[in-house]
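Naming: A, B, ... by sequence-line order, numbering from 1 per chain.
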Amino acid sequence: MARIDRIADPWGTRTPYGPGEDWPVRVDTFLKEGVSPQDVDRWVPTASILHSNGDGMDIAVKDGRMVGVRGAAGDRINRGRLDPKDLYAWQAGASPDRLTRPLISRDGALVETDWDTAMDAVVRRSRELLDEQGPGAFGFYTTGQLFLEEYYTLAAIARGGIGTHHLDGNTRLCTATAAAALKESFGCDGQPGTYADIDHADVIALFGHNAAETQTVLWMRMLDRLAGPNPPQVICVDPRPTPVARMAAVHLAPRPGTNVALMNGLLHEIISAGRIDRGYVDAHTVGYEELERRVEEYPPARVAELCDVPEELIRRAAGLLGDAERLVSTVLQGFYQSHQATAAAVQVNNLHLIRGMLGRPGCGVLQMNGQPTAQNTRECGADGDLPGFRNWANDDHVADLARIWNVEPERIPHYAPPTHAMQIFRYAEQGSIRFLWVSGTNPAVSLPELSRIRKILAQERLFLVVQDIFPTETTELADVVLPAATWGEKTGAFTNADRTVHLSEKAVEPPGEARPDLEIFLDYAGRMGFTGKDGTPLITWTGPESAFRAWQECSRGRPCDYTGLSYERLRAAGGVQWPCDQDHPDGTERLYSDGRFWAAPEYCESFGRDLVTGTPVEEVEYRFLNPSGKAVIKSAGYLPPHEMPDELRPFHLINGRTVHHFHTRTKTARAPQLRDAAPDVWVEMSAADAAAHDMREGDLAEISSPRGVVHARLRVTGIRPGVLFLPFHYGYWDLPDDAGRTRAANELTVTDWDPASKQPLFKTGAATIRLLERGGGDAPADRDSEAEPARSRTALADEEPR
Amino acid sequence: MNRIGLALRALHHGERGLAQDLLRVSERHVSEHEIHHVARDLSAWSQRHLRELAEIGGRYGARLGTGHALETGLGARLREKRSELVKHRSTPGMLLLHDLRHIHVQAAGVSLDWEMIAQAAQARRDTELLSLTERCHPDTLRQMRWANAHLKQLSPQVLNS
């Protein structure tokens, strides 16, 4: 057993392995100072909640309190390993500033109240608005961090109870493009690949996916392959010198906003070299000829110019991709939050379709998620889709959902695509949404163009309900604040980015009067008296397990079939990958193994969209294009981004995450090790740009865009010249009240989104930078992008290879 | 000028109007972000069509401009400013529906013009003209569908609030 500081070394010690071998077990444990494993009363099973990887773990409980965590040795996802955030951030649960009582706005200030008063206020306003305006007055904005049972209940309340079209999650910011790209290519959401494909791959391509910081345990798996015999070759597409880039055989750092051009260039080379699986293309896809024609316009020389990437590197990357025998591709925010998001992500699917590399060991696409339970937001219909991957444009699907909910089909709005988050905020801005219920998220820091968002949320005419575990920049603006229980304080299931379902058990009591989100939603439904056709209650479930069973029925026969699961089964088996039904009692490791897709017109979740205009494809068109439900190869040309650098604002500005923090730091900044590892915002700039601006490491800089300004300390890194990077985690709750609004990266971001996935663009925009104050730091020097915090005794965790 | 030349001139006129109207919609609805950004992209399609039409028009005796002279500048900035100022009012919603409806009708006219020219090109086995229509006409249909889709999505909210 070794003790190491997992702040300084986020990935821990290597356990090398070769292709086709089992990934060795390494159990990571962190216990509160003074607590030893023998002291622990019980270990309560759950999975990780601070990223999308879904690592199995146990919470250590002593005297009714959390005292530590341990990775689950037998779990298929992590084999005992834990991400540094999971090692330390559980401590935040016991933080003294948790919300423990409901708050209500009285004379402009939030005051403590009881649950009855708070819920009465919510219900009274709901009834008034239903009478006055109808369901269109209501918006619900949820998260990617609640549990499956909670999303399903919320979807039933919003779509079947209130009957509003305006329900979405903050998953719109992290995972909407993953879902959109899967729907475009395969007719339905659902991750084709599995993490186990890493064990077999000979080439791993990470497209805009800094796995080393966002999915550290998956990166450990890749690092262990890289350290073992016959390692895979890594291709990295990222404008930053990430840890992934350092391990890559080829690192492409394209100009922000040019991913489609780059992908078309790679596909061009692979097609011209004849490295396609013609048999697979003919048997299982439609649309190949158009792709071939389209990418003809993207020879490497042109792409090199558009993307400002050496032609030679494009050829080398295409060579690796074309020669791969077992290719795994992963995609994340570098594509999803950038210009032409869906079009770019779809080209990665195309790469696998034309090479016939799907559904076999080592051959898989992983369109990733950002948040732990984002997949459930998608499948339960709490984002812009109907529950169970039902198609809003298919009347039979709507009728089927209405049957399950025992309501008339007309009750469930389906006259157009469900309203996406950015449009919900727009409706609130112009005053047609007058009731907004935000659960488990902090839009006042995480949405683009924060001055606008704050104004929208602060409107007198908007009744704002915020349900969360801490006071945040968003709760400050609420009319009613509902204190929620969090992970470890409630029971429920959730599903990670490779379709693995875990059960997360309650380990300790929530503080004060805080309640599980499910209980809050059920309470609202009860008070509102939502009923079905015959006057019986709409919501027939009363707790997590009965909610799970109701969801199983809703999922029956759909791609995300949960009917073969149960709490009992999940307790015994640990993580299981859906679909899990009678035909697949042990779950399903890889989708589309037989080249058959969920794309038949009568079964598919979506008829797709025009990748440039975002217009939904009509059923008739889809039937004509894809009558027998094959995979759809969709091509797209490159379009210049809407906001480009100019003389006034010469830099591309991108924002993103760091390994030590999650979302808006509500939990991670309340764990001392994580808080101290990355305590404040910084800006990254290349050495050449720093020299040109006479700026040095540690200087205080002012970064500005047409929307606002941010003040941040400079880090000089190997980032692509002409690009600035800001981490987006930092808001204002831990600053003095009189501090200016100059810390959150999203003060600067443009309000613009991908028309197909409706995901906002956090990685396309223009900015300028100037020196505000000398920092007295060293002369500019190339350094790694992530923090290099001092070694800390309090961060020592145990590592036990087995 | 022969009759195809006349038809190309009518089409050119329609495309120019569509390019201008899409820009105008973009300027008038700065606060409807998707409309604002995508309308501008779609206007660029019509501007490309104008260039292509100008290149081919001479063969049929039609001298057509390249469409550089679309109105921008001060008027555009005023429209954008106005849109920004009324972003928290609900009345621009009706104006938006009206504008989208207009784009759809305008694009439908342009689509019919492309249709007629494609038919004529087929009849006279004019492959160059036919391939021009094959390149451009699908864009027009996408412009129409775009306006239609936003009308479908927005009208329930605008008309019920």
Side-chain angles (χ1 to χ4, degrees), chain A residues 129 132-137 139 164-166 339-340 393 413-420 422-434 448-449 452 455-456 459 461-462 609-618 621 639-643 750-756 758 760-761 764, chain B residues 22 25-26 29-46 48 80-81 83-97 100 103-104 107 131 134-135 138-161:
Chain A
L129 284 172
E132 228 176 89
Q133 186 183 334
T164 179
H165 217 17
H166 315 321
H339 178 59
Q340 293 193 283
H414 58 283
Y415 46 79
T419 315
H420 60 93
M422 299 306 291
Q423 190 66 41
I424 291 177
F425 280 82
R426 174 61 192 143
Y427 287 152
E429 182 174 44
Q430 42 103 303
S432 66
I433 283 183
R434 295 151 74 192
E449 200 179 345
R452 169 174 178 261
K455 271 190 206 134
I456 294 172
Q459 294 174 99
R461 64 183 174 182
L462 179 72
R609 287 179 183 264
D610 186 312
L611 294 182
V612 175
T613 67
T615 306
V617 174
E618 300 282 340
E621 285 173 78
L639 273 180
H642 298 130
E643 184 170 282
V750 61
T751 303
D752 186 10
W753 53 83
D754 177 54
K758 315 297 182 190
L761 309 185
T764 311
Chain B
L22 281 162
V25 165
S26 171
H29 302 285
V30 170
S31 305
E32 296 290 344
H33 300 87
E34 185 173 335
I35 305 274
H36 169 68
H37 290 299
V38 178
R40 194 148 294 219
D41 292 339
L42 298 190
S43 172
W45 293 0
S46 285
R48 194 181 69 235
E80 290 185 359
K81 194 72 208 160
S83 162
E84 177 67 22
L85 287 173
V86 295
K87 68 180 174 191
H88 31 259
R89 305 250 308 261
S90 62
T91 34
M94 291 298 281
L95 177 65
L96 178 58
L97 295 186
L100 287 168
I103 293 292
H104 190 271
S131 83
E134 283 168 353
R135 271 199 309 280
D139 295 339
T140 314
L141 295 171
R142 290 165 78 190
Q143 289 167 323
M144 272 173 77
R145 289 186 194 124
W146 172 79
N148 186 46
H150 278 287
L151 272 173
K152 267 187 173 170
Q153 175 130 18
L154 292 166
S155 47
Q157 189 73 5
V158 172
L159 300 179
N160 280 308
S161 62

Engaged part of B:Ser31 at the chain A interface, taking heavy atoms whose separation is under 4.5 Å: both
Under 4.5 Å from a heavy atom of chain B, the part of A:Arg461 involved: side chain
Contact class of A:Pro417 relative to chain B, heavy atoms under 4.5 angstrom: both
Any non-hydrogen side-chain atom of A:Thr764 less than 4.5 Å from a side-chain atom of A:Val750? no
Using a heavy-atom cutoff of under 4.5 Å, enumerate the residues of residues 149-159 of chain B that contact chain A, numbered in order, or state 'none'. B:Ala149, B:Lys152, B:Gln153, B:Leu154, B:Pro156, B:Gln157
Given heavy-atom pairs under 4.5 angstrom as the criterion, report whether the side chain, backbone, both or neither of B:Arg145 touches chain A. both
Nearest heavy-atom pair of A:Arg426 and A:Arg452: which atoms, and what distance? CA-NH2, 3.9 Å
In plain terms, say whether B:Glu80 and B:Arg40 are close enough for a salt bridge, that is, a side-chain N and a carboxylate O under 4.0 Å apart. yes
If we ignore hydrogens and angles and just use 3.5 Å, is the side chain of A:Thr164 paired with the main-chain N or O of A:Pro135 as donor and acceptor? yes
Just by modelled atom types, is the A:Leu639 backbone N or O under 3.5 Å from a matching donor or acceptor in the A:Gln340 side chain? yes
Would you name the heavy atoms of B:Leu96 and B:Glu32 that are closest together and state the gap between them? CD2-CG, 3.7 Å
Is the closest side-chain heavy-atom distance between B:Ile35 and B:Val25 below 4.5 Å? yes
Give a yes or no answer on whether the side chain of A:Thr613 reaches the backbone of B:Trp146 with a donor-acceptor pair at less than 3.5 Å. no
In terms of heavy-atom pairs under 4.5 Å, which option from A:Met422, A:Glu643, A:Gln459, A:Glu621 contacts chain B the most? A:Glu621
Has B:His36 got a side-chain atom pairing as donor or acceptor with B:Ser26's backbone, closer than 3.5 angstrom? yes
Can you say whether B:Asp41 sits under 4.5 Å from chain A via the side chain, the backbone, both, or neither, judging by heavy atoms? side chain
Could you look at A:Ile433 and say if it's the side chain, the backbone, both or neither that has a heavy atom under 4.5 Å from chain B? both
If I compare all heavy atoms of A:Leu462 with all of A:Ile456, which pair ends up nearest, and what's the gap? CD2-O, 3.6 Å
Report the option among A:Gly614, A:Ser432, A:Pro413 that has the most heavy-atom pairs separated by less than 4.5 Å from atoms of chain B. A:Ser432
Identify which part of A:His165 has an atom lying under 4.5 Å from any heavy atom of chain B, answering side chain, backbone, both or neither. neither
With only heavy atoms counted, which part of A:Asp610 is less than 4.5 Å from chain B, the side chain, the backbone, both or neither? side chain
Looking at B:Arg89, I want to see if its CZ is surrounded by more than 12 non-hydrogen atoms of other residues, nucleotides or ligands under 6.0 Å. no
Would you mind checking which part of A:Gln423 comes under 4.5 Å of any heavy atom in chain B, side chain (CB onward), backbone (N, CA, C, O), both or neither? side chain
